[in-house]
A.B. asks: 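Below you'll find the structure I mean.
If you're wondering where the values come from, they're calculated on a predicted model, not measured in any experiment. When a ligand or atom number is given, it counts from 1 through the structure's own listing order.
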Amino acid sequence: MVRNGHQVLSNVIASQHDLHAQYGGVVPEIASRAHIEKILPVIDQAMKQANASFDDLSAIAVGNRPGLIGSLLVAVSAAKALAWTRDLPLIGIDHVQSHLYAANLVLPPKEGQPQAIEKKPEIPEGAALGLVVSGGHTSLYRVDSPLDLTLMGRTIDDAVGEAYDKAAVILNAGYPGGPKLDKLAQQGNAKAAAKLPISLLGKESLDFSFSGLKTALLYQVRGQPKGRGREAYFERSASDLDDQTRADMAAAFQEAAIGAVMAKLDRALDQMTAEATPPSRLLVGGGVSANSYLRTQAQAWGERRGIGVCIPPMSLCLDNAAMIGGLAHHCFIQGQFDDLHLPAMATSQF
Ligand code: KG4
Ligand code: ZN
């Protein structure tokens with residue numbers, strides 16, 4: 001539950017990691033069934049944590065795009081039922097757009113800490129540069145307001161989070177891949193491993209590509225494939241490598257993947273400056289913004305380029321309901337409501 005678009009009153013997340021771990025990735029059917037089981041307890045818990053009743057609500061917001069359609073359908077159906085029975089406006093939110101809003105939210109104080117001052121974060125004038133790094137997206141935006149994004153560049157193949165997840169499988173790092181690879185890389189030294197290639201695409205391109213990096217890591221870990229077609233095989237796997245070598249390779253992967261993101265930030269900043277609209281700050285969002293290396297690199301980039309960097313606190317980096325509720329406030333004040341025909345959509349408009 002979010003008040004006035006910035007004050008988080010509750011943010012309940014039902015993790016499904018344990019359900020998917022044995023498959024090494026998200027199984028859509030299992031995910032949607034778990035959503036059915038969890039949706040009402042999660043709503044109850046969010047109301048309790050916020051110490052609120054349904055009479056305190058002014059609208060029901062739901063992330064209705066993009067994502068796995070079965071899971072989205074559960075959320076959208078529950079939101080419609082609540083909006084209809086409580087006679088409240090319904091607001092469908094694009095969750096990629098809301099990732100860029102997460103850094104504007106103020107979390108509730110932790111137990112035993114003094115009550116947070118209800119202060120709205122100051123938002124500087126002018127357009128911001130937005131970077132979404134998640135499991136499905138790696139995109140750059142010009143952000144003129146929370147609801148006004150213009151796409152500047154995007155991945156042409158894998159998203160950076162997806163590349164992390166695959167790299168974790170290649171390196172036997174465990175599940176969930178992104179956080180496990182992050183941890184493994186912290187024990188490693190990128191310089192001790194062979195440098196991995198990054199693809200910057202055309203000279204002025206703001207797009208991303210991570211599939212070549214993924215393949216380069218695969219060959220480095222397993223060696224060049226031998227044989228052809230169905231007969232092809234690798235000479236070794238990650239389990240033949242010692243822990244330090246795997247950690248060094250993880251660090252080299254991370255250096256290349258995040259290095260590519262930083263290089264594109266440079267280009268995007270230069271482009272906005274050349275167009276006489278230098279960004280007021282950099283907004284970062286999406287699951288990979290929880291990555292320790294990305295967080296330090298982005299802050300260092302901001303210092304080097306003289307621009308403020310806003311990254312959400314860890315608990316608001318991964319998919320969460322607070323960013324949906326916060327962004328919905330801006331739809332609410334502009335009278336942008338949906339009706340009971342609101343669809344669940346697998347893809348984003350951004
Ligand atoms: O935004 P998100 O929760 O879901 C999507 O919208 O996709 O992002 C999930 C992605 C996954 O690929 C996950 O592995 C990655 O974010 N991720 C990380 C870290 N934590 C989550 N990647 C690298 N380092 C992390 N610490
Ligand atoms: Zn997300």
Side-chain angles (χ1 to χ4, degrees), residues 11 13-17 20-21 23-26 28 31 35 62-69 71-72 75 93-103 105 130-139 141 149 154-155 157-171 173-188 208 210-211 213-214 217 247 250-251 253-262 283-298 311-324 326-327 345-350:
N11 185 35
I13 296 177
S15 165
Q16 295 189 8
H17 288 331
H20 302 287
Y23 305 102
V26 174
H35 273 73
V62 59
N64 71 317
R65 61 194 190 273
L68 292 173
I69 201 72
S71 302
L72 291 176
I93 294 288
D94 184 298
H95 110 258
V96 173
Q97 186 177 26
S98 72
H99 271 308
L100 288 180
Y101 190 75
L105 298 169
L131 168 70
V132 174
V133 276
S134 71
H137 284 73
T138 306
S139 307
Y141 302 92
L149 310 188
R154 67 193 313 173
T155 181
D157 42 52
D158 296 342
V160 66
E162 192 183 340
Y164 261 89
D165 294 334
K166 302 270 166 59
V169 172
I170 294 170
L171 283 166
Y175 184 85
K180 291 282 175 154
L181 194 107
D182 187 357
K183 220 165 166 198
L184 181 63
Q186 285 169 23
Q187 323 295 322
F208 300 87
F210 294 102
S211 64
L213 170 62
K214 207 175 59 184
L217 177 70
F253 166 83
Q254 190 156 252
E255 193 177 87
I258 303 303
V261 174
M262 295 303 134
L283 301 172
V284 187
V288 185
S289 56
N291 179 265
S292 57
Y293 186 68
L294 179 133
R295 293 174 86 87
T296 52
Q297 289 296 301
I311 309 185
M314 295 295 273
S315 62
L316 297 174
C317 288
L318 298 177
D319 289 347
N320 65 86
M323 66 185 189
I324 303 285
L327 184 59
M345 289 188 286
T347 53
S348 170
Q349 71 185 97
F350 296 104

A.B. asks: Check whether any side-chain heavy atom of Gln349 lies under 4.5 Å from a side-chain heavy atom of Gln97, and answer yes or no.
C.D. replies: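 No, their side chains stay 4.5 Å or more apart.
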A.B. asks: Any idea which protein heavy atom is nearest atom 22 (N) of ligand 1, and the distance to it?
C.D. replies: Gly178 CA, 3.4 Å
A.B. asks: If you take the centroid of each ring, where Trp contributes its six-membered ring, are Tyr175 and Tyr23 closer together than 6.0 Å?
C.D. replies: no
A.B. asks: Are any of the side-chain heavy atoms of Val288 and Val261 separated by less than 4.5 Å?
C.D. replies: no
A.B. asks: Which class fits the ring pair Phe208 and Phe210: parallel under 30°, tilted 30 to 60°, perpendicular over 60°?
C.D. replies: parallel
A.B. asks: Should you measure from each heavy atom of Gly135, which atoms of ligand 1 turn up under 4.0 Å away?
C.D. replies: 5 (C), 7 (O), 8 (O), 9 (C), 10 (C), 12 (O)
A.B. asks: For ligand 1, which atoms, with element, lie under 4.0 Å from some heavy atom of Gly136?
C.D. replies: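 The list of qualifying atoms is 7 (O).
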A.B. asks: I need the single residue from Leu316, Asn11, Leu105 that forms a side chain to side chain contact (heavy atoms under 4.5 Å, CB included) with Met323. Which is it?
C.D. replies: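 The passing option is Leu105.
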A.B. asks: Protein N, O or S atoms less than 2.8 Å from the Zn ion (ligand 2), ignoring waters?
C.D. replies: His95 NE2, His99 NE2, Asp319 OD1
A.B. asks: Side-chain contact, heavy-atom cut-off 4.5 Å: Cys317 with Arg295?
C.D. replies: yes
A.B. asks: With a 4.0 Å cut-off on heavy atoms, is His99 in contact with ligand 1?
C.D. replies: yes
A.B. asks: Would you mind checking which non-hydrogen protein atom is closest to atom 6 (O) of ligand 1, with the distance to 0.1 Å?
C.D. replies: His95 NE2, 2.9 Å
A.B. asks: Closest non-hydrogen protein atom to atom 26 (N) of ligand 1, residue and atom name please, with distance?
C.D. replies: Asp182 OD2, 3.0 Å
A.B. asks: What part of His137 sits under 4.0 Å from ligand 1 if we count only heavy atoms: the side chain, the backbone, both or neither?
C.D. replies: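 His137 to ligand 1: no contact under 4.0 Å from either part.
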A.B. asks: Backbone or side chain, does any N or O of Gly177 fall under 3.5 Å from an N or O of ligand 1?
C.D. replies: no
A.B. asks: Using a 4.5 Å cut-off on heavy atoms from C-beta on, say whether the side chain of Pro66 contacts that of Val96.
C.D. replies: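 Of all side-chain heavy-atom pairs linking Pro66 with Val96, at least one is under 4.5 Å.
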A.B. asks: Can you confirm whether Leu294 sits close enough to Val133 that some side-chain heavy atom of one is under 4.5 Å from a side-chain heavy atom of the other?
C.D. replies: yes
A.B. asks: Please tell me if the side chains of Leu217 and Leu171 come closer than 4.5 Å, counting only heavy atoms from C-beta onward.
C.D. replies: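 Yes - at least one pair of side-chain heavy atoms lies under 4.5 Å apart.
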A.B. asks: Where's the contact between Asp319 and ligand 1, heavy-atom distance under 4.0 Å: side chain, backbone, both or neither?
C.D. replies: both
A.B. asks: I'd like to check Ile170 versus Phe253 (side-chain heavy atoms, cut-off strictly below 4.5 Å). Are they in contact?
C.D. replies: no
A.B. asks: Could you check whether any side-chain N or O of Thr138 sits under 3.5 Å from a backbone N or O of Val160, counting only pairs where one atom can act as donor and the other as acceptor?
C.D. replies: yes
A.B. asks: I need the atoms of ligand 1 closer than 4.0 Å to a non-hydrogen atom of Gly287, numbered in the order shown.
C.D. replies: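 Selected atoms, number and element: 1 (O), 2 (P), 8 (O), 16 (O), 17 (N), 18 (C), 19 (C), 20 (N), 21 (C).
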A.B. asks: Mark yes or no for whether His137, through its side chain, and Ala159, through its backbone, hold a donor-acceptor pair below 3.5 Å.
C.D. replies: no
A.B. asks: At a non-hydrogen distance cut-off of under 4.0 Å, which region of Asp165 contacts ligand 1 (side chain, backbone, both, or neither)?
C.D. replies: side chain
A.B. asks: Could you list the atoms of ligand 1 found under 4.0 angstrom from a heavy atom of Pro179?
C.D. replies: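 By the 4.0 Å cutoff, the relevant atoms are 19 (C), 20 (N), 21 (C), 25 (C), 26 (N).
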A.B. asks: Distance under 4.0 Å to a non-hydrogen atom of Tyr164: what atoms of ligand 1 satisfy this?
C.D. replies: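 Once the distances to Tyr164 are compared, the set is 23 (C).
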A.B. asks: Under 4.0 Å from a heavy atom of Gly161: give me the atoms of ligand 1 that qualify, with their elements.
C.D. replies: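 Per the distance check, 12 (O).
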A.B. asks: Would you call Pro176 a ligand 1 contact, heavy-atom distance under 4.0 Å?
C.D. replies: no
A.B. asks: If only atom types and distance count, is the side chain of His99 paired as donor or acceptor with the main-chain N or O of Gly285 below 3.5 Å?
C.D. replies: no
A.B. asks: To the nearest 0.1 Å, how far is atom 15 (C) of ligand 1 from its closest protein heavy atom, and which atom is that?
C.D. replies: Val288 CG2, 3.9 Å
A.B. asks: My understanding is that we take every heavy atom of each candidate and find the minimum distance to atom 24 (N) of ligand 1. Doing that for Ile258, Leu181, Asn291, which one comes out nearest?
C.D. replies: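 The option holding the nearest heavy atom is Asn291.
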A.B. asks: Need the ligand 1 atom indices (1-based, order shown) with element for anything under 4.0 Å from a heavy-atom of Leu318.
C.D. replies: 3 (O), 21 (C)
A.B. asks: Mark up the atoms of ligand 1 that fall under 4.0 Å of a heavy atom belonging to Ala290, in ascending order.
C.D. replies: 26 (N)
A.B. asks: Nearest 0.5 Å please: distance from the CG atom of Leu72 over to the CE atom of Met345.
C.D. replies: 9.5 Å
A.B. asks: In terms of side-chain geometry, is the basic nitrogen of Asp158 or Lys166 positioned less than 4.0 Å from the acidic oxygen of its partner?
C.D. replies: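 No.
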